[in-house]
Amino acid sequence: MNIKVLFFGATADITGQRHVEVPIEPETTASEVSKSLITEYPRLASHKLHISLNQQYANGEEIVRDGDELAIFTAVSGG
C-alpha cells in the first residue's frame with residue numbers, strides 16, 4: 001500500500017522534492033506518516049508542520065489508506 005505525499009513551500013525546499021510515494025502499513029495514521037518523514041528529513045522538525053489528507057485539514061489521527069494524498073506544509077500568512 002502506498003500514499004502520495006505532497007510538499008509545499010519550506011517543506012519542498014527541505015526535502016528537495018514536490019512529492020514522494022510512501023509505503024504504509026494498514027491502520028497507519030497521518031501523524032505516523034508525518035513522524036516518519038521527519039525521521040527521513042530531520043530539518044522538517046524545525047518547523048511547525050500542518051497536514052491535510054485528501055485536501056482536507058487533518059489533525060493527525062486520521063487513518064491513511066492506499067492511494068490517499070497527504071500534504072505537508074508550514075503555516076501560511078498573508079497581508
Side-chain angles (χ1 to χ4, degrees):
M1 296 184 357
N2 290 307
I3 63 167
K4 184 175 187 176
V5 178
L6 306 174
F7 299 105
F8 296 96
T11 64
D13 293 339
I14 289 168
T15 63
Q17 303 177 75
R18 291 284 181 197
H19 61 86
V20 295
E21 293 286 323
V22 175
I24 58 164
E25 297 293 325
E27 303 301 313
T28 299
T29 65
S31 179
E32 290 169 330
V33 173
S34 178
K35 288 176 186 174
S36 73
L37 291 166
I38 290 170
T39 299
E40 188 168 345
Y41 304 101
R43 288 181 41 219
L44 289 174
S46 65
H47 293 272
K48 169 92 169 101
L49 300 177
H50 298 277
I51 56 176
S52 70
L53 182 61
N54 299 321
Q55 300 181 4
Q56 299 290 319
Y57 282 107
N59 65 18
E61 299 305 313
E62 298 82 1
I63 300 295
V64 293
R65 307 217 188 294
D66 189 38
D68 278 354
E69 183 180 87
L70 185 78
I72 308 287
F73 53 98
T74 57
V76 179
S77 64

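Keep in mind the model is a prediction, meaning the values are calculated, not measured. Values below: every heavy atom of this structure, side chains too, minus hydrogens, waters and symmetry copies. Residue numbers start at 1 and run along the sequence shown.
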Problem - Residue pair L49 / L44, side-chain heavy-atom distance below 4.5 Å - result: yes
Exercise for the section: Evaluate the criterion side-chain contact (heavy atoms from CB on, under 4.5 Å) for residue pair L53 and D68; output intermediate values, then yes/no. Expected result: CA-CA 7 Å; L53 182 61; D68 278 354; 3.8 Å; yes
Exercise for the section: Please indicate whether H50 has more than 12 foreign heavy atoms, meaning atoms of other residues, nucleotides or ligands, lying under 6.0 Å from its NE2. Expected result: yes
Practice task
Determine, using the 4.5 Å side-chain heavy-atom cutoff (strictly less than), whether V5 and F8 are members of one ILVMFWY cluster.
Solution key: no
Problem - ILVMFWY cluster, V22 and I51 together (side-chain gap under 4.5 Å) - result: yes
Practice task
State, with a plain yes or no, whether a side-chain heavy atom of I3 is found less than 4.5 Å away from one of D66.
Solution key: no
Practice task
Decide yes or no on side-chain contact (heavy atoms from CB on, under 4.5 Å) for D13 and F7, but give the supporting numbers first.
Solution key: CA-CA 9 Å; D13 293 339; F7 299 105; over 6 Å; no
Handout entry: Steps toward side-chain contact (heavy atoms from CB on, under 4.5 Å) verdict (F73, L6)
Key = CA-CA 8 Å; F73 53 98; L6 306 174; over 6 Å; no
Completion exercise
Looking only at heavy atoms, the pair that brings G9 and R18 closest together is N-NH1, 4.1 Å
Exercise for the section: Find out if a path of hydrophobic residues (ILVMFWY) with successive side-chain heavy-atom gaps under 4.5 Å connects M1 to I63. Expected result: no
Exercise for the section: Just do the side-chain contact (heavy atoms from CB on, under 4.5 Å) check on V64 and E32 with the steps written out, would you? Expected result: CA-CA 10 Å; V64 293; E32 290 169 330; over 6 Å; no
Exercise for the section: Check whether more than 12 heavy atoms from other residues, nucleotides or ligands sit under 6.0 Å from atom CD of E25, and answer yes or no. Expected result: no
Handout entry: Nearest-0.5 Å distance, NZ of residue K4 to CD of residue E69
Key = 6.0 Å
Handout entry: Over all atoms of both residues, closest heavy-atom pair of I38 and A45
Key = CG2-CB, 3.8 Å
Handout entry: T11 (side chain) donor-acceptor with I72 (main chain) under 3.5 angstrom
Key = yes
Practice task
Looking only at non-hydrogen atoms, find the nearest pair between E61 and T29 and report the distance.
Solution key: O-CG2, 3.9 Å
Handout entry: Main-chain N/O of N59 paired to E62 side chain as donor or acceptor, under 3.5 Å
Key = yes
